[in-house]
Amino acid sequence: MLTITLTAWIPQLQPPQCPAEQQLHGHCISPSKAQLGVLLTGLGLLSIGTGGIRPCSIPFGIDQFDPTTEEGAKGINSFFNWYYTTFTLVILLTLTLVVYIQDSVSWVLGLGIPTLLMAASIVLFLIGTRIYVHVKPQGSIFSSIAQVFVAAYNKRHLRLPAEGQEFGVFYDPPLKEYVLSKLPLTYQFRFLNKAAITTKNDLEDDGSPKKWWLCSIQDVEEVKCLIRIIPIWASGIISFTAMAQQGTFTLSQALKMNRHLGPKFQIPAGSMGVISMLTIGIFLPVYDRIMVPYLRKITKHEGGITLLQRIGIGNFFSILAMVAAGVFEQKRRNSATLHPGAAPISVFWLSPQLILMGFCEAFNILGQIEFFNKQFPEHMRSIANSLIFCSLAGSSYLSSIVVNVVHHVTGGHGHPDWLTNDINAGRLDYFYYILAVMSAFNFLYFLYVAHRYRYKGQVRIELKSEPDVELSSM
């Protein structure tokens, strides 16, 4: 953040000022390689820092509670609610106050404020270091995953016992202290079960298993959890591609529309995402307090609907959002054609697509966060949370690929391509329809993989006040 702030503060790190008239004709002087290098360095450092914070913030917060106590279990649920609430409030402040300062006051001040807040957060984090609960690192999870595949391959010639005859065949030691729930043996991806078959040469003299030759049932089932989740995770990449347009082409549309709110105030184009955030902030309490209890009576499911159903609804909203975006972009373009040189159509015509995208995020992103946190083994929650941001990153790359393809394939013969800099001369609505079609095919793919998905089964360690062990299914 400090590097990025310096690019706005120091004139030598910026290209020369470009008047509005030159911007229209594309005659601005581009930044030098050194100037661009400093900016990209700041963005790269920001990405590395974000990669450390985001996947770990939720698991680290959960580590502060004891899930084997009733108070700790309630604390975890409360933490999730507070996390989502504060996250939404921060985004609202960012899209309103900070964007307004950047747009109307100063980019230096607009970037300096979050930089100072980031520095303050580091100080607060260090102050609290002594009171945090620190879970000791347990080694790389990737080595245990690799051991399951290697052990299964080494024992590929062994025959699996028939169902009901597994007693004494598989290696099933007591759980490690940091594992809170035991996963029962399943028959999906049965070839991996061979990694847990005990043979004469698989144990050391002290009874410990030989690495790369014998794995526990728990290790095998944890790997199966990962394999089951990958197809669900992949579906999120395309569905998030629709969300990626909010910060690019939605911004371009807003700049070409009437953003006045009253005679003096003009809404910053970058603040339009507030509509999606408000949708999420208003809908989530209604969903949690009204809709879930009502649905619970009908479905008899604790969450009202399953996690996969929630993600699927979010995928469907992404289709609706892109269709609405195409329809209203066509209306905006027609208005711009009839009134050249002016922006008579209100920016609030973008509200339907942003509201639908808010519903998409409320169901899809939050559904995936909860899905990954519940379906991953407990000690892999950091990996679970990182998958969300890997999906968002993948959607950005996919969006860039689609944009580049559209740039090269469309246009020609004296006609601009669909995504030309002057969106009034392009066909942004066609691009939105392409994303809608992609989202529709992705929705069908999701329905297929969701139908084949099997939720994680577990033998749960109950609360300390209830010592009996109970077999339950997620």
Classify the ring geometry of [X] against [Y]: parallel below 30°, tilted from 30° to 60°, perpendicular beyond 60°.
| X | Y | result |
| --- | --- | --- |
| Y132 | F60 | perpendicular |
| F316 | F443 | tilted |
| F363 | F317 | parallel |
| F328 | W349 | tilted |

Once you round to the nearest 0.5 Å, how far does [atom1] of [X] lie from [atom2] of [Y]?
| X | Y | atom1 | atom2 | answer |
| --- | --- | --- | --- | --- |
| N404 | I401 | CG | CD1 | 8.0 Å |
| F240 | S399 | CZ | OG | 14.0 Å |
| R452 | Q188 | CZ | CD | 7.5 Å |
| I122 | L117 | CD1 | CG | 11.5 Å |
| T96 | L278 | OG1 | CG | 9.0 Å |
| S346 | R259 | OG | CZ | 11.5 Å |

Should R333 and L428 be marked as a side-chain contact (heavy atoms from CB on, under 4.5 Å) after you check the CA-CA gap, both sets of side-chain angles, and the distance that decides it?
-> CA-CA 9 Å; R333 185 175 179 274; L428 181 58; over 6 Å; no

Min side-chain heavy-atom separation [X]-[Y] under 4.5 Å:
| X | Y | answer |
| --- | --- | --- |
| V402 | T241 | no |
| I305 | I313 | yes |
| L447 | H451 | no |
| D422 | K256 | yes |
| Q309 | T306 | yes |
| L109 | I113 | yes |
| D429 | V327 | no |
| I319 | S439 | yes |

May I have the list of side-chain donor-acceptor pairs in residues 36-47 shorter than 3.5 Å, sequence neighbours left out?
| unit_1 | atom_1 | unit_2 | atom_2 | d |
| --- | --- | --- | --- | --- |
| T41 | OG1 | G37 | O | 2.7 |
| S47 | OG | L43 | O | 2.9 |

Among pairs that include at least one residue of residues 303-329, which meet salt bridge (Lys or Arg N to Asp or Glu O under 4.0 Å), considering only residues two or more places apart or in two chains?
->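 Residue pairs with at least one partner in residues 303-329: R310-E370, E329-R332.
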
Minimum heavy-atom separation for [X] to [Y], with atom names?
| X | Y | answer |
| --- | --- | --- |
| C225 | L183 | SG-CD1, 4.0 Å |
| G270 | L251 | N-CD1, 3.5 Å |
| T5 | L111 | OG1-O, 3.3 Å |
| P377 | E222 | CG-CG, 3.5 Å |
| R228 | R454 | CD-O, 3.4 Å |
| A336 | N424 | CB-OD1, 3.5 Å |

Does the pair Q330 and Y433 meet the rule for a side-chain contact (heavy atoms from CB on, under 4.5 Å), with working shown?
-> CA-CA 11 Å; Q330 189 173 8; Y433 292 141; 4.0 Å; yes

When you check the side-chain N and O atoms of [X] and [Y], is any donor under 3.5 Å from an acceptor?
| X | Y | value |
| --- | --- | --- |
| S276 | E361 | no |
| S144 | D219 | no |
| N364 | Q368 | yes |

Taking the six-membered ring for Trp and the full ring for Phe, Tyr or His, determine whether the centres of W418 and Y430 are under 6.0 Å apart.
->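 Between W418 and Y430, the centre distance is under 6.0 Å.
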
Between Y453 and F371, is the ring centre distance below 6.0 Å?
->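 Yes, close enough.
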
Please check if the number of heavy atoms outside [X] that lie under 6.0 Å from its [atom1] is greater than 12.
| X | atom1 | result |
| --- | --- | --- |
| Y448 | OH | no |
| F87 | CZ | no |
| N421 | CG | no |
| Y100 | OH | no |
| F142 | CZ | no |

From CA spacing to verdict: side-chain contact (heavy atoms from CB on, under 4.5 Å), L192, F149 | CA-CA 7 Å; L192 291 177; F149 285 103; 4.0 Å; yes

Backbone N or O of [Y] within a donor-acceptor pair of the [X] side chain at under 3.5 Å?
| X | Y | answer |
| --- | --- | --- |
| S351 | F348 | yes |
| T299 | G304 | yes |
| S396 | L392 | yes |
| T94 | V90 | yes |
| S271 | I267 | no |

Apply side-chain contact (heavy atoms from CB on, under 4.5 Å) to the pair D417 and H408, showing each step before the final yes or no.
-> CA-CA 8 Å; D417 64 76; H408 286 88; over 6 Å; no

Derivation of the side chain to side chain donor-acceptor pair (under 3.5 Å) call for N442 and S239 | CA-CA 7 Å; N442 180 66; S239 63; 4.6 Å; no

Would you sort out whether E221 and T186 count as a side chain to side chain donor-acceptor pair (under 3.5 Å), showing the intermediate values?
-> CA-CA 7 Å; E221 290 302 321; T186 62; 2.8 Å; yes

